[in-house]
A.B. asks: 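Below is one structure. I have some questions about it.
Below, read A as the first sequence line, B as the second, and so on, with proteins coming before strands; counting in each chain starts at 1. Atom set for the values below is all heavy atoms of this structure, side chains included, hydrogens, waters and symmetry mates excluded.
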There are 2 protein chains.
Amino acid sequence: MRADALKNRARILEAARVEVELGGTECSLDNVAKRAGVGPGTLYRHFPTREDLISELLLTWVSDVEADADATATDRWDDVLDWLMRLVERARLYRGLASTMAATESDEDSPLRAAHAAVVEANGRVFDRAFHAGVVVAPVDSGEVIRLVTGVAMSAEQAKLDPAQVRSMLSIVLHGLTPPHAHS
Amino acid sequence: MRADALKNRARILEAARVEVELGGTECSLDNVAKRAGVGPGTLYRHFPTREDLISELLLTWVSDVEADADATATDRWDDVLDWLMRLVERARLYRGLASTMAATESDEDSPLRAAHAAVVEANGRVFDRAFHAGVVVAPVDSGEVIRLVTGVAMSAEQAKLDPAQVRSMLSIVLHGLTPPHAHS
DNA sequence: ACCTGAACACCGTTCAAGT
DNA sequence: ACCTGAACACCGTTCAAGT
């Protein structure tokens, strides 16, 4: 890659980071190009689709989620709830991210597939540990948990819920993952 | 209202019904006007905002939900689950509806507020009956249930989930609304 | 090889001109 | 009183022309 191309790519990514933070994943790509000081064609050359751009932005985001997952305690039920809370908070960093991630599941060749899969696997590791620690009483389908968490995140974003309301919803979901019959 | 105005209003609503069915609640208003055979200004005169138009479309939708709520059995746990399933299926009739409804909660003077409140109340009646029938073991906050159901609906829409997957998610939520400690 | 920016199609919204 | 449609600003996307 030529030197100016490399520089432009970096400028576009930095501009996108700012614009996505301000306007969410559905922000204007025109504004991204303007902020980066490049023509719209240059943006399209580097990132043919919006998802190509977003997936690049999510690389560090996914790393953060994975690091969190592998560092989190799973001794108490509340530990798992805290993990889910942090997951939703992270999803809310960028408006529209939860929705974009959810849509990934129905788009076989989305550039975000790897990011989605990484989150499902990280969450799966947390729940596996919680299961073996006896905190969660049955193995769970991590993909389904992520679907539920994504739903909570989208609901929270649209309704502008505060953390306490989000926590309450996640608590209900987590209770639901521990079916009553397992307690008898 | 003048006769031609009344006719145009009806034509716009019928056109909107078709366009929203095809393209969801975020469909092009230009296309609605074109389909109705009126100028864009006429649409804006009758419905100043997109939500004004949608809320009008939802009048019969809300009636259906209310009628369903008041006719539904609440004798068995599965009855309540079926009710939630039908609610999600109804939300999915129009793409974007769940999201629009969720956003209503953070918009104090949205024209959709009445529709949202009616759904919360209808759901509340179902859960009240289920509670008194001993099917649900604790009173629930219907607003919170609707937030969860809306989240499931958004997740289902984005990820294009099939009914079995939706039912499984709703089952988890409904289990979560019946906390294990209530079973001891 | 890469960039630019004009060009096109589309959309939401407003408003002067009509009837 | 209501309607029309031109006009404006904005956006995504493409591509011929440049370097």
Side-chain angles (χ1 to χ4, degrees), chain A residues 1-57 94-97 99-100 103-104 107 109-112, chain B residues 1-57 94-97 99-100 103-104 107 109-112:
Chain A
M1 192 172 323
R2 236 165 56 178
D4 56 343
L6 210 80
K7 200 192 65 185
N8 276 336
R9 196 174 190 282
R11 289 168 63 90
I12 289 169
L13 276 173
E14 172 57 17
R17 206 188 51 73
V18 176
E19 287 294 326
V20 169
E21 222 153 75
L22 293 174
T25 58
E26 299 304 309
C27 67
S28 158
L29 297 181
D30 251 38
N31 286 348
V32 172
K34 269 174 200 147
R35 182 180 291 273
V38 302
T42 304
L43 192 156
Y44 276 83
R45 159 168 281 266
H46 286 285
F47 305 99
T49 72
R50 178 184 297 269
E51 292 193 325
D52 283 308
L53 184 56
I54 302 289
S55 76
E56 198 73 22
L57 282 186
Y94 298 138
R95 206 163 358 123
L97 179 54
S99 181
T100 302
T104 292
D107 183 3
D109 34 45
S110 161
L112 286 162
Chain B
M1 190 171 329
R2 235 164 56 179
D4 55 345
L6 210 81
K7 198 192 67 185
N8 276 336
R9 195 173 191 284
R11 288 168 63 89
I12 289 170
L13 276 172
E14 172 56 16
R17 207 188 50 73
V18 176
E19 287 294 325
V20 169
E21 221 154 76
L22 293 174
T25 58
E26 300 304 309
C27 68
S28 158
L29 297 181
D30 251 39
N31 287 347
V32 172
K34 269 172 199 149
R35 183 180 290 274
V38 302
T42 304
L43 192 156
Y44 276 82
R45 158 168 282 266
H46 285 284
F47 304 99
T49 71
R50 180 185 294 271
E51 291 192 324
D52 283 308
L53 183 55
I54 303 289
S55 77
E56 197 74 23
L57 282 186
Y94 297 138
R95 208 166 354 125
L97 179 55
S99 183
T100 302
T104 292
D107 183 4
D109 34 46
S110 160
L112 285 162

A.B. asks: Quick one: side-chain hydrogen bond (donor to acceptor under 3.5 Å, both in side chains) pairs with a partner in residues 24-36 of chain B, sequence neighbours left out?
C.D. replies: B/E19-B/R35, B/T25-B/T100

A.B. asks: Name all residues meeting the salt bridge (charged side-chain N to carboxylate O under 4.0 Å, His left out) criterion together with A/R11; count only those two or more places apart in sequence or in a different chain, and write none if there are none.
C.D. replies: none

A.B. asks: Excluding sequence neighbours, so at least two apart, what forms side-chain contact (heavy atoms from CB on, under 4.5 Å) with A/S99?
C.D. replies: A/M154, B/Q158

A.B. asks: Checking A/S55 now: which residues fulfil side-chain hydrogen bond (donor to acceptor under 3.5 Å, both in side chains) with it, not counting sequence neighbours?
C.D. replies: none

A.B. asks: Do any pairs count as a side-chain hydrogen bond (donor to acceptor under 3.5 Å, both in side chains) and have a residue in residues 37-46 of chain A, sequence neighbours left out, and if so which ones?
C.D. replies: none

A.B. asks: Taking everything shown except A/R95 itself, do over 12 heavy atoms lie less than 6.0 Å from its CZ?
C.D. replies: no

A.B. asks: With sequence neighbours left out, what residues match A/E56 under side-chain hydrogen bond (donor to acceptor under 3.5 Å, both in side chains)?
C.D. replies: none

A.B. asks: Could you go through nucleotides 16-19 of chain D and list every protein N or O atom that sits under 3.5 Å from one of its N or O atoms, giving the distance for each pair?
C.D. replies:
none

A.B. asks: Does A/D4 have any side-chain hydrogen bond (donor to acceptor under 3.5 Å, both in side chains) partners at least two apart in sequence or in another chain, and if so, which?
C.D. replies: A/R2

A.B. asks: Write out the stems for DNA chain C, ordered by first number and formatted as range with range, counting runs of at least 3 consecutive Watson-Crick or G-U wobble pairs under 3.5 Å.
C.D. replies: C:4-8 with D:12-16, C:12-16 with D:4-8

A.B. asks: In whole Å, what is the span from the CZ atom of A/R45 to the C1' atom of C/dC2?
C.D. replies: 5 Å

A.B. asks: For the pair B/V20 and B/L53, evaluate side-chain contact (heavy atoms from CB on, under 4.5 Å) and give the outcome as yes or no after the intermediate values.
C.D. replies: CA-CA 10 Å; B/V20 169; B/L53 183 55; over 6 Å; no

A.B. asks: Give me, pair by pair, the N or O atoms of the protein and of nucleotides 11-14 of chain D that are less than 3.5 Å apart, along with how far apart they are.
C.D. replies:
unit_1 : atom_1 : unit_2 : atom_2 : d
D/dC11 : O5'    : A/S28  : OG     : 3.4
D/dG12 : OP1    : A/L29  : N      : 3.2
D/dG12 : OP1    : A/R50  : NH2    : 2.9
D/dG12 : OP2    : A/S28  : OG     : 3.4
D/dG12 : OP2    : A/L29  : N      : 2.9
D/dG12 : OP2    : A/D30  : N      : 2.9
D/dT13 : OP2    : A/Y44  : OH     : 2.4
D/dT13 : O5'    : A/Y44  : OH     : 3.3

A.B. asks: Can you spot which of A/D52, A/T104, A/L97 makes a side chain to side chain contact (heavy atoms under 4.5 Å, CB included) with A/L112?
C.D. replies: A/T104

A.B. asks: Provide the closest heavy-atom pair for A/A33 versus A/L43 in the form atom of the first, atom of the second, distance.
C.D. replies: N-CD1, 3.8 Å

A.B. asks: Enumerate the residues from residues 7-20 of chain A whose closest heavy atom to DNA chain C is under 4.0 Å, giving them by residue number; use none for an empty result.
C.D. replies: A/N8

A.B. asks: Would you compute the distance between atom OH of A/Y94 and atom CG of A/L57 and round it to the nearest 0.5 angstrom?
C.D. replies: 6.0 Å

A.B. asks: Looking only at side-chain N and O atoms, does B/H46 come under 4.0 Å of OP1 or OP2 in D/dC2?
C.D. replies: no

A.B. asks: Can you find a heavy atom in the side chain of B/C27 that is under 4.5 Å from one in the side chain of B/L22?
C.D. replies: no

